[in-house]
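Have a look at the structure below, then the notes.
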Amino acid sequence: MMGEISTAGFAGIVIAGSAAAFAGVLTWGQAGLGVDGAAVASVVQETRSFPICNGPLRTTCVVDGDTIWMDGVKIRIADIDTPEIGEPKCESERALGHRAKNRLRELLNTGPFELAASGRDEDKYGRKLRVVVRDGRSLGDQLVSEGLARTWSGRREPWC
């Protein structure tokens, strides 16, 4: 089914959060296979909160609509592209980018999700490439369906 990712047969990163508290629990399950057969890491359980990134020190926060920091690791959401907010080409791109960033924060803090490896482990900038999945559906696909992102085509497309 389009927009669904099967998580059967692998243990991924599971985040459980509370919308009210904007905090969650991070559990990386036993090592296994993720989307496209890519390996998924394994770590211990810890509490997480996803605020909007502010300032140069970034541990766990939302950078923009398709990039987050978690436990000091920069993660690019692999299945989508969202408008730029740092260097947008027009004001409408900046505005839509801020909407995407805020919606991603809301989605991450709403409930449990998994981070699944997808194809390559890292992009050319050293960011980990992951698909964010809740209940078998990509949160990236949810942003696409809300008009806040595009499905990643392998290259950036203009927003203006």
Side-chain angles (χ1 to χ4, degrees), residues 3 5 7 12-28 34-35 40-41 43-118 120-153 155-160:
I5 296 173
T7 57
I13 303 165
V14 178
I15 310 278
S18 163
F22 293 106
V25 176
L26 168 66
T27 306
W28 295 37
V35 177
V40 177
V43 297
V44 296
Q45 181 174 356
E46 296 187 33
T47 301
R48 289 286 174 262
S49 175
F50 288 87
I52 299 298
C53 295
N54 187 12
L57 297 177
R58 297 173 176 189
T59 303
T60 300
C61 58
V62 176
V63 176
D64 58 27
D66 56 24
T67 309
I68 63 173
W69 281 86
M70 189 164 57
D71 200 21
V73 176
K74 196 170 191 179
I75 299 169
R76 169 70 161 77
I77 300 175
D79 60 341
I80 61 169
D81 179 41
T82 60
E84 296 300 318
I85 57 175
E87 295 182 21
K89 303 289 188 225
C90 61
E91 187 53 39
S92 62
E93 179 177 16
R94 180 188 312 273
L96 189 60
H98 280 289
R99 287 180 48 213
K101 172 185 72 176
N102 291 328
R103 180 64 173 137
L104 178 60
R105 175 184 178 220
E106 181 182 322
L107 290 169
L108 293 174
N109 288 312
T110 295
F113 65 84
E114 298 172 350
L115 290 178
S118 176
R120 295 181 302 148
D121 184 52
E122 293 184 352
D123 67 7
K124 65 182 180 181
Y125 304 107
R127 300 176 294 188
K128 296 294 184 184
L129 297 171
R130 300 293 183 264
V131 176
V132 184
V133 180
R134 176 178 293 128
D135 298 326
R137 181 173 186 217
S138 160
L139 295 187
D141 283 349
Q142 185 166 345
L143 290 172
V144 170
S145 72
E146 294 175 10
L148 300 172
R150 292 188 187 123
T151 300
W152 178 247
S153 66
R155 64 185 176 94
R156 292 206 175 271
E157 301 288 338
W159 287 92
C160 300

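We're numbering straight along the sequence, starting at 1. Computation of the quantities below employed the complete heavy-atom set of this structure, encompassing side-chain atoms and omitting hydrogens, waters and symmetry-equivalent molecules. The structure displayed is predicted, hence computed values, not measured ones.
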Point to revise | Stepwise side-chain contact (heavy atoms from CB on, under 4.5 Å) check, Glu84 with Lys89 | key: CA-CA 8 Å; Glu84 296 300 318; Lys89 303 289 188 225; over 6 Å; no
Review point. For Leu96 and Leu148, what are the C-alpha separation, side-chain angles and deciding distance, and is it a side-chain contact (heavy atoms from CB on, under 4.5 Å)?
Key: CA-CA 7 Å; Leu96 189 60; Leu148 300 172; 3.6 Å; yes
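- Closest approach of Gly111 and Arg134 over heavy atoms only: O-NH2, 2.8 Å.
- Considering only heavy atoms from C-beta on, Arg99 stays 4.5 Å or farther from Glu146 through its side chain.
- In this structure, the separation between CG on Asp66 and NZ on Lys101 is 12.5 Å, given to the nearest 0.5 Å.
- Heavy atoms of other residues, nucleotides or ligands lying less than 6.0 angstrom from CD of Glu87 number 12 at most.
- The closest donor-acceptor contact from the side chain of Asp81 to the backbone of Arg156 lies at 3.5 Å or more, if one exists at all.
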Practice item. Quick one: do Arg150 and Glu157 satisfy salt bridge (charged side-chain N to carboxylate O under 4.0 Å, His left out)? Show the steps, please. Key: CA-CA 9 Å; Arg150 292 188 187 123; Glu157 301 288 338; 5.8 Å; no
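- Each of Arg127, Lys74, Arg76, Lys128 was compared with Glu122 under the side chain to side chain contact (heavy atoms under 4.5 Å, CB included) criterion, and only Lys128 meets it.
- Within the structure, every pair that satisfies the disulfide bond (SG atoms under 2.5 Å apart) test and touches residues 63-106, not counting sequence neighbours, is listed here: Cys90-Cys160.
- For Thr60 (side chain) and Asp71 (main-chain N/O), a donor-acceptor pair under 3.5 Å exists by modelled atom type.
- Going from atom SG of Cys53 over to atom CG of Asp64 covers 8.5 Å, rounded to the nearest 0.5 Å.
- With Arg58 contributing its side chain and Val63 its backbone, the two residues share no donor-acceptor pair below 3.5 Å.
- With rounding to the nearest 0.5 angstrom, the CD1 atom of Ile80 is 9.0 Å from the CG atom of Asp141.
- Here the closest non-hydrogen pair linking Ala78 and Ser118 is CB-CB, 4.3 Å.
- Between Leu143 and Gly65, the shortest heavy-atom distance links the atoms CD1-O, 3.8 Å.
- Just one of Leu139, Val131, Leu104 meets the side chain to side chain contact (heavy atoms under 4.5 Å, CB included) condition when paired with Ile77; it is Leu104.
- In this structure, the separation between CZ on Arg103 and CG on Leu107 is 4.0 Å, given to the nearest 0.5 Å.
- Going from atom CG of Leu129 over to atom CG of Asp121 covers 7.5 Å, rounded to the nearest 0.5 Å.
- Taken from CD1 in Ile68 to CD1 in Ile52, the straight-line distance is 11.5 Å, to the nearest 0.5 Å.
- Between the side chain of Glu114 and the backbone N or O of Val133 there is no donor-acceptor pair closer than 3.5 Å.
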